[in-house]
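Residue numbers run from 1 in the order of the sequence given.
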Amino acid sequence: MDAKLITQHRSYIWGGRRGMHNPRRSLSVLAVLARPADNLTSLVKESPNHHHTDNWFDRIAINYLSQSVQATTGLKNSKSGYESLVEAAAMVSRNFDPIKQCELVMEALDRAFPSPILSLIRTLLPQSKFTREYFAAFTTLFFAWLVGPCKVIESEINGRTEKNVVHIQKCRFLEEFLEESNCVGMCINLCKNPSQKFIKDSLGMPVNMVPNFDDMSCQMIFGQDPPRDDPALKQPCYKLSKQRKVTLLVAPSDIKKHVEDKISPNMVGYIFDQELES
């Protein structure tokens with residue numbers, strides 16, 4: 001199938017020697033729509049935004065959690081590093097309904113974190129300002145390997161200002177799954193819901209995870225229960241065409257060559273956004 005360029009204002013289809021020539025306009029890719037999903041994943045991973053440098057502790061933690069998920073589900077994979085964890089979670093999504101997905105993730109977390117230690121933490125750290133702030137700080141220090149770079153920010157709780165919120169700048173888990181599946185269900189069923197329930201049930205700490213599907217950030221608000229009418233549960237399928245922009249600082253002829261080199265016969269098309277120069 002030939003690749004098609006679609007702009008916001010006009011459409012151009014390359015054929016033969018015909019091309020686009022407009023030196024006063026710049027192009028930025030809004031999305032790459034591919035079939036099958038593996039093609040999309042391989043192209044997206046060329047972006048530097050996907051680069052994460054894992055140290056020895058990160059690699060041990062990633063492998064440990066991946067093996068825990070695989071042991072819980074009985075579904076094995078031969079990948080390594082974060083790809084192994086992504087594949088383990090993706091297999092859960094493909095093989096089980098949403099309720100079972102949440103249950104399996106919670107079971108994997110129970111397997112990964114010994115219950116005596118969790119019970120001791122719950123006993124020694126009852127809910128308080130100190131505990132909420134401690135949980136937030138602990139998350140930024142020891143779970144960046146899972147969610148990506150994050151920091152503690154302030155919020156108001158019970159009329160007082162506390163540093164009880166973890167702001168994840170661009171969730172690594174969210175980024176990997178949304179770009180592979182285009183569906184927010186994997187985030188909700190495999191991360192948000194089971195994590196909220198596990199942390200509250202095991203550690204006695206309510207937490208509200210608030211993902212932002214526009215910029216892939218997320219906030220973990222310790223000490224706050226998720227609302228009953230949670231907006232995150234009403235999100236439609238994630239649309240790459242509305243969220244992802246990768247600017248191409250090349251001439252149209254170079255874009256054509258890039259498309260011809262990179263797009264497989266199964267590629268559905270490129271969607272371009274055309275921005276007028278001032």
- Message: Donor-acceptor pair, distance only, cut-off 3.5 Å: does the side chain of Y82 make one with the backbone of I62?
- Response: no
- Any donor-acceptor N/O pair, S195 side chain to C191 backbone, under 3.5 Å: yes
- Message: To the nearest 0.5 Å, what is the distance between CE on M216 and CD1 on I168?
- Response: 13.5 Å
- How are the rings of F57 and F142 set to each other: parallel, tilted or perpendicular (split at 30° and 60°)? perpendicular
- Query: Under a 4.5 Å side-chain heavy-atom rule over Ile, Leu, Val, Met, Phe, Trp and Tyr, are F143 and Y64 clustered together?
  - Reply: no
- Query: Looking only at side chains, do Q196 and K200 share a donor and an acceptor under 3.5 Å apart?
  - Reply: no
- Item | For the student: nearest non-hydrogen atoms of D215 and K170, plus distance | O-CG, 4.2 Å
- Message: Testing the basics here: between S217 and H167, what is the closest heavy-atom pair and its distance to 0.1 Å?
- Response: CB-CE1, 4.1 Å
- Query: Without hydrogens or angle criteria, can the side chains of N164 and S155 be said to hold a donor-acceptor pair below 3.5 Å?
  - Reply: yes
Show me the donor-acceptor pairs within less than 3.5 Å that the side chains of residues 73-81 make with the rest of the protein, sequence neighbours left out.
unit_1 : atom_1 : unit_2 : atom_2 : d
T73    : OG1    : V69    : O      : 3.1
T73    : OG1    : Q70    : O      : 3.4
T73    : OG1    : L75    : N      : 3.2
N77    : OD1    : K79    : N      : 3.0
N77    : OD1    : S84    : OG     : 3.3
N77    : ND2    : S84    : O      : 3.3

- Donor-acceptor contact below 3.5 Å, side chain K163 vs main chain V152: no
- Separation of L174 CG from I188 CD1 (nearest 0.5 Å): 9.0 Å
- Query: Taking C-beta and beyond as the side chain, do V166 and F135 meet within less than 4.5 Å on heavy atoms?
  - Reply: no
- Query: Picking from R111, E103, E107, what satisfies side chain to side chain donor-acceptor pair (under 3.5 Å) with T72?
  - Reply: R111
- Heavy-atom closest pair (F213 atom, A232 atom, distance to 0.1 Å) is CE1-O, 4.3 Å
- Query: Atom CZ in R59, atom CH2 in W145: separation rounded to 0.5 Å?
  - Reply: 13.5 Å
- Please confirm whether the backbone N or O of D201 pairs with a side-chain atom of R122, one donor and one acceptor, at under 3.5 Å? yes
- Heavy-atom side-chain proximity of D110 to S115 below 4.5 angstrom: no
- Nearest 0.5 Å please: distance from the NZ atom of K151 over to the OG1 atom of T140. 11.5 Å
- Message: Within this structure, what is the CZ-CD1 distance for the pair F222 and I199, rounded to the nearest 0.5 Å?
- Response: 5.0 Å
- Query: Who else is in I221's hydrophobic cluster (ILVMFWY, side-chain heavy atoms under 4.5 Å, direct or via others)?
  - Reply: I153, V165, V210
- So, the side chain of T131 versus the backbone of P126: is there a donor-acceptor pair under 3.5 Å, distance only? yes
- With hydrophobic residues grouped by side-chain heavy-atom distances under 4.5 Å, do F173 and I60 end up in a single group? yes
- Query: Are L118 and L146 joined in one hydrophobic group, where the rule is that I, L, V, M, F, W and Y side chains link up if heavy atoms are under 4.5 Å apart?
  - Reply: yes
- Item | Heavy-atom side-chain contact between Y134 and I121 under 4.5 Å | no
